[in-house]
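Counting starts at 1 for both ligands and their atoms, in listed order. In this chain, residues are counted from 1 in sequence order.
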Amino acid sequence: MSLSLKKILTLVFVREPGKILLGMKKRGFGCGRWNGFGGKVEKGETILQGAKRELLEECGVSAKHLESVGLINFEFENEPEILEVHVFQASKYTGEPIETEEMRPQWYKESEIPFHLMWPDDELWFPYLLSGKQFEAFFLFRGMDVVLEYWIKEKGLNLNSFSDINKR
Ligand SMILES: Nc1[nH]c(=O)nc2c1ncn2[C@H]1C[C@H](O)[C@@H](COP(=O)(O)OP(=O)(O)OP(=O)(O)O)O1
């Protein structure tokens with residue numbers, strides 16, 4: 001019997017024309033990196049509910065509507081656990097972003113995203129997010145900094161249509 005442990009996580013990007021809201025993660029997994037807002041989906045809630053809850057808890061923003069933009073599976077070398085991250089964007093929301101114990105929010109121009117201070121995979125799939133293309137992706141990490149293998153494809157397209165398939 002193969003033992004595959006899947007953890008379902010969410011990741012939400014609040015958008016304004018030409019700008020995107022990122023948060024500096026102050027603790028836990030990904031600490032010290034800019035990212036969207038999100039976390040583990042809890043028992044008894046849907047993925048969408050989990051995404052909205054985490055966004056509110058982490059930066060005080062209440063999404064009126066979340067659009068699904070991507071699905072990313074992360075594997076870590078020599079670790080059985082797979083992270084399934086559901087990526088959303090929110091362009092309709094209420095509340096001004098506030099700093100919390102977990103995150104320090106900041107607006108960035110889409111042309112000035114600090115990729116060198118983010119997870120290394122982000123630079124590879126952000127073009128899909130920013131251009132509004134739904135995508136699916138897989139990344140195999142060695143530790144937290146090295147991407148060993150990955151693929152990214154636009155959702156709905158078949159294997160021959162991979163825009164990126166790579167070993168680094
Ligand atoms: N390689 C990666 N690239 C990326 O852009 N986001 C990633 C990522 N790996 C994980 N994430 C996101 C998914 C999720 O939003 C967040 C991690 O979830 P959590 O904040 O729940 O982690 P924590 O360990 O802090 O958990 P809590 O104790 O529940 O706060 O990081």
Side-chain angles (χ1 to χ4, degrees), residues 4-15 20-63 66-90 93 97-106 108 110 112-131 133-153 155 164 166-168:
S4 140
L5 304 167
K6 209 164 223 196
K7 206 154 123 184
I8 313 285
L9 297 162
T10 61
L11 188 59
V12 179
F13 293 90
V14 177
R15 309 276 304 266
I20 189 160
L21 184 68
L22 300 178
M24 170 50 70
K25 191 111 190 311
K26 293 162 66 176
R27 63 177 192 201
F29 196 65
C31 177
R33 285 179 163 160
W34 292 101
N35 205 347
F37 303 87
K40 296 171 201 82
V41 175
E42 288 177 356
K43 269 206 178 116
E45 69 182 0
T46 64
I47 293 169
L48 263 178
Q49 286 166 342
K52 286 187 179 181
R53 176 184 51 73
E54 290 279 355
L55 179 67
L56 185 61
E57 281 175 10
E58 292 186 351
C59 74
V61 167
S62 200
L66 287 181
E67 266 173 72
S68 174
V69 290
L71 178 61
I72 314 176
N73 275 279
F74 293 103
E75 265 183 51
F76 293 85
E77 198 182 32
N78 302 324
E79 285 181 33
E81 193 171 69
I82 295 171
L83 305 185
E84 182 182 288
V85 178
H86 295 253
V87 187
F88 298 93
Q89 64 177 9
Y93 61 92
I98 49 156
E99 180 165 354
T100 61
E101 282 182 11
E102 184 129 356
M103 288 289 218
R104 175 164 52 86
Q106 188 173 312
Y108 279 93
E110 286 178 1
E112 292 173 7
I113 291 170
F115 288 117
H116 61 294
L117 299 172
M118 296 168 74
W119 282 97
D121 50 284
D122 291 16
E123 191 163 15
L124 301 167
W125 54 262
F126 252 62
Y128 289 81
L129 170 75
L130 295 177
S131 64
K133 285 188 191 141
Q134 285 194 314
F135 69 95
E136 293 170 357
F138 164 79
F139 295 90
L140 173 64
F141 269 83
R142 172 171 289 162
M144 301 284 171
D145 297 322
V146 178
V147 175
L148 291 177
E149 283 176 35
Y150 76 93
W151 54 257
I152 307 174
K153 71 182 183 83
K155 194 179 168 190
D164 278 303
N166 238 310
K167 278 183 185 259
R168 296 183 127 192

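Using a 4.5 Å heavy-atom threshold, the side chains of Glu99 and Lys26 count as touching. In this structure, the side chains of Glu136 and Lys153 come closer than 4.5 Å at one or more pairs of heavy atoms. Counting only heavy atoms from C-beta outward, the side chains of Val12 and Glu54 never approach each other to under 4.5 Å. Here the side chains of Trp119 and Arg33 are in contact, with some heavy-atom distance below 4.5 Å.
The 4.0 Å heavy-atom shell around ligand 1 contains residues Leu9, Thr10, Leu11, Lys25, Gly28, Phe29, Asn35, Gly38, Gly39, Lys40, Phe74, Glu102, Trp119, Asp121, Asp122, Trp125, Phe141, ordered by chain and number.
Atoms OG1 and CD, from Thr100 and Glu57 in turn, are 9.0 Å apart once rounded to the nearest 0.5 Å.
Results of the ring pair (Phe, Tyr, Trp, His ring centres under 6.0 Å) test with Phe13 over Tyr108, Phe126, Phe37, Trp34 single out Phe126 as the only residue that passes.
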